[in-house]
Amino acid sequence: MVHICNHHLAFPEQKEGVMILITGANGRPGSAAVREFARHGTPVRALVRDPKKADDLRALPGVDVRHGDMLWPETLESVLDGVDRVLMISSAGPQMLETQCTFIDAAIRAGVGHIVKFSGKDSIDGFDNEKFRSSRSHEQIQRYLFASGMPWTVLQPSQFMQVYFEEVPDIVRSGELRLPLGDTTLAPIDVEDIAKVAYAVLTTSGHGGRTYTMTGPDALTMADAARHISDAIGKPVRYRDVTSEEKQRAWIQAGYPPPRASAFVQLFQERKRLGRSTVDLTTHQHFGVEPTTFAEFARRNADIFRGATDYTVTPA
Ligand SMILES: NC(=O)c1ccc[n+]([C@@H]2O[C@H](COP(=O)([O-])OP(=O)(O)OC[C@H]3O[C@@H](n4cnc5c(N)ncnc54)[C@H](OP(=O)(O)O)[C@@H]3O)[C@@H](O)[C@H]2O)c1
């Protein structure tokens, strides 16, 4: 559901002294949002669970890195002190529901004025949220947030383009992108595009009670994705359709915890059952964000797809 109106293209600028906190700041979308604040020269507070992983964030201008755990409210008192708005992100693991509901309670006690919930929405037409653990948790967290009385906004991006970095070992070893998707299309989005929208939502007013859905600009088969990666790295990469069981074994061999591997099997089975994605660029258009194509994303990250540069959450 998109609660936006296309004529609303100008947003009042951020008031002086508004304190913004981004949680999950060491992760993919969180670090991209923090970098977007630094790029604009807008001060921001960044919550990390592991301060040892936060050197890149600390080096950015205007970023106040704080240490705490969203599951442990006693670690959040000074982190939340004086905060007006939060971009709430945590990992898509089994603890996401408890983590974010605990955090919402702590934010209410601390007098936070607005939570922007980082959620998700698959690009597949008719996707049943009950079929995937994270989608179910997001719905439960949203209900909790809406009932809490805290002013809210929800961001609902599709699959991140950055998840294709997890396929790099196969691509480098065998020249194959191996996924159990047949000729299903997906419309993945660059986290940098989401970060631009998050920046606008956090620094301007008029977003209360709105849900912003976003996908990338192309509905791609995995053969298309492989071709874009191949063009970017200058080597053959082809798509190989594998069974769910093969992919589940590969995920477990790659070190995914078994519950994560089986949640992903369910996600991919639901995608393959329905088969077709719709592109939704209304949020990009609403905020004047140029959509990044998968081809551009692959070119920008060619060294990662070649296996020449390790993927960290802060690629160039
Ligand atoms: N992956 C996708 O394609 C996709 C698409 C749409 C929406 N989403 C949603 O986006 C969100 C983030 O996705 P992700 O899991 O892929 O991101 P991620 O890169 O793993 O980032 C999540 C961050 O949250 C931090 N975190 C987790 N639990 C925490 C806690 N208790 N206290 C403080 N920080 C905590 C993690 O810290 P550590 O670094 O210490 O682990 C990590 O840095 C999820 O809600 C997911 O459902 C994902």
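Remember, it's 1-based here, ligands and their atoms both numbered in the order they're listed. Nothing fancy with the numbering, it's 1 onward along the sequence.
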Using a 4.0 Å heavy-atom cut-off, say whether [X] meets ligand 1 through its side chain, its backbone, both or neither.
{"X": "Pro188", "answer": "neither"}
{"X": "Met96", "answer": "side chain"}
{"X": "Thr99", "answer": "side chain"}
{"X": "Asn26", "answer": "both"}
{"X": "Ser119", "answer": "backbone"}
{"X": "His138", "answer": "side chain"}

Please tell me if the side chains of Arg271 and Leu181 come closer than 4.5 Å, counting only heavy atoms from C-beta onward. yes
Can Val163 be said to touch ligand 1, with heavy atoms closer than 4.0 Å? yes
Non-hydrogen atoms of Ser137 versus ligand 1: any pair closer than 4.0 Å?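 It does not; every heavy atom stays at 4.0 Å or beyond.
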Taking both backbone and side-chain atoms of Ala25, is any N or O found less than 3.5 Å from an N or O belonging to ligand 1?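 For ligand 1, there is no N or O atom that lies under 3.5 Å from one belonging to Ala25.
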Please confirm whether the ring centroid of His286 lies under 6.0 Å from the ring centroid of Tyr212. yes
Checking Phe268 now: which residues fulfil ring-ring contact (aromatic ring centres under 6.0 Å, His included) with it, not counting sequence neighbours? Trp251
Restricting to ring-ring contact (aromatic ring centres under 6.0 Å, His included), what partner residues turn up for Tyr164, sequence neighbours left out? Phe294
Determine, considering heavy atoms only, which of Ser158, Gly27, Ser91 sits nearest to atom 36 (C) of ligand 1. Ser91
Considering only NZ, NE, NH1 and NH2 on the basic side and carboxylate oxygens on the acidic side, decide whether Asp190 and Arg300 come within less than 4.0 Å.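 Judged by the 4.0 Å cut-off on N to carboxylate O distance, Asp190 and Arg300 do form a salt bridge.
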Any salt bridge between Arg39 and Glu192, counting N to O under 4.0 Å? no
Counting distance only, does the side-chain N/O of Thr215 pair as donor-acceptor with the main-chain N or O of Ser123 below 3.5 Å? no
